[in-house]
Amino acid sequence: MTDTAMTNLLDLDRAGLEAFFGVLGEQRFRATQVMKWVYGHGVQDFTAMSNISKALQARLQEQAVLALPEVVADHRSDDGSRKWLFRLADGNCIESVFIPEAERGTLCVSSQVGCMLNCSFCSTAQQGFNRNLTTGEIVSQLWLATQLLGRQPDGERLISNVVLMGMGEPLLNYDNVVRAMRIMLDDFGYGLSKRRITLSTAGVVPEIRRLRADCDVSLAVSLHASNDALRNELVPLNRKYPIRELLDTCREYAGEGRRRVTFEYVMLAGVNDSDTHARELVRCLEGVPAKINLIPFNPFPQTRYLRSSGNRIHRFFEILNQAGIVTITRRTRGDDIDAACGQLAGRFRDRTRRRTRNSQANPVTHP
Ligand code: SAH
């Protein structure tokens, strides 16, 4: 446990660090000096920051920490994916996944402990919601994964892309997520470009608008259905922000530059995967700069859904493709370590009332 009077520097973006050093009566450039050590070199110990005076090192030790979660599990998949379970200071656990590909290495990070959106096909939803992650807890996932993965022989980092597609709804933890992304984008942080950070949302319309003004990273939207009746069932948030309103907002987000929005579509056998659905989806997306990502459903215990067959997915893909929509079928990775989409669960105690009806006294289960 860290002392609450101490400032966790991982909670602060560059502007926050400059303000922190200002209060100490120090110059602003201390912020970028410390960021270089922390994010560039992975240094956690203030006394190892050799361009900082002994006196300031001592003050930092008194007033600040670089608090990181504890690594409690590190699973390696046969396909090279890795999944970590991190224990936070309050005992809750979250998961992050690294997925290596030929051209890039993607880290999938969590934004909340659990999720409150209750999407019917998602295993995180089954576990309920506990709390938002702090900025430091979001950034820590990248910090720890970077250290644990090491570097390529040429000195390059393995993580080139970050996706906010782990546990939680990032736009319902807006401030902490945006601050964490600023650290990832900062040249003195991880120096990632906006194209290399993707935020995935179930469609929190007002926050998508805010995001466009604040930090317009790549946007992915979990659509999963081609009409409101079906989407209301799969993604209950749709009752608040229906498809038309969501897609209008996506069109605005794409903006003049016509940067495509990615639409995720989970393939559920007999539910949303017919030819009619595919054609309806094409009509829905007319005029929206879109890419579609078909995700074969990843089953988990007690789910009522089944994955669509390979043939069905292929046929659905063909219809979208022939209509001129850039479509990819996501390969399922990390199956053997439960690292696939919608499988991230962590360990935590549900604190939402709605879950109590499920009468599990202590729903601390997976993995
Ligand atoms: N709340 C955000 C991000 C977390 S989910 C969102 O809704 O986008 C990341 C992606 O995994 C989403 O597209 C989600 O719909 C998908 N997903 C969830 N459960 C899944 C499952 N069992 N199989 C396949 N994809 C799933």
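This structure is a prediction, so every number in the text was calculated from the model and none was measured. Values below: all heavy atoms of this structure, side chains included; hydrogens, waters and symmetry mates excluded. In listed order, ligands and their atoms are each counted from 1.
Taking every heavy atom of Val266 and a limit of under 4.0 angstrom, the matching atoms of ligand 1 come to 23 (N), 24 (C), 25 (N). Near Ile295, meaning under 4.0 Å from one of its heavy atoms, ligand 1 places the atoms 24 (C), 25 (N). The ligand atoms of ligand 1 that sit less than 4.0 angstrom from a heavy atom of Cys122 are 18 (C), 19 (N). Those atoms of ligand 1 with a heavy atom of Phe297 less than 4.0 angstrom away are 21 (C), 22 (N), 23 (N). Close contacts of ligand 1 with Thr201, meaning ligand atoms under 4.0 Å from a residue heavy atom, involve 6 (C), 7 (O), 8 (O). Using a 4.0 Å cut-off to heavy atoms of Phe121, the atoms of ligand 1 that qualify are 15 (O), 17 (N), 18 (C), 19 (N), 20 (C), 21 (C), 22 (N).
Between atom 1 (N) of ligand 1 and the options Ala202, Gly168, Ser200, the minimum heavy-atom separation is to Gly168. For the residues Pro299, Ser222, Pro170, the heavy atom positioned nearest atom 13 (O) of ligand 1 is part of Ser222. Proximity annotation for atom 23 (N) of ligand 1: of Val235, Asn298, Thr303, Asn298 comes nearest, heavy atoms only. When Arg330, His224, Gln126 are ranked by how near their heavy atoms come to atom 14 (C) of ligand 1, first place goes to His224.
For an aromatic pair to be called close, the ring centres must be under 6.0 Å apart, and His224 with Phe121 satisfies this. A centroid separation of 6.0 Å or more is found between the aromatic rings of Phe29 and Phe21.
For the pair Arg210 and Tyr174, the cation-pi criterion (under 6.0 Å, within 45° of the ring axis) is fulfilled.
The closest side-chain donor-acceptor pair between Ser200 and Glu264 falls under 3.5 angstrom. For Asn130 and Asp350, the side-chain atoms include no donor-acceptor pair closer than 3.5 Å. Ser120 and Tyr305 share a side-chain donor-acceptor pair at under 3.5 Å.
The proximity of Val221 to ligand 1, defined as any non-hydrogen pair under 4.0 Å, does not occur for either the backbone or the side chain. Counting heavy atoms closer than 4.0 Å to ligand 1, residue Glu264 contributes side-chain atoms (C-beta onward) but none from N, CA, C or O.
The distance criterion of under 3.5 Å between nitrogen or oxygen atoms is not met by Cys115 with respect to ligand 1.
Annotation: the span from Leu56 atom CG to Leu60 atom CG amounts to 4.5 Å, rounded to 0.5 Å.
A heavy-atom separation below 4.0 Å is found between Gly166 and ligand 1.
Taking the six-membered ring where tryptophan is involved, the planes of His41 and Trp37 are tilted, since the angle between them lies from 30° to 60°.
For the pair Arg82 and Leu149, the minimum side-chain heavy-atom distance is below 4.5 Å.
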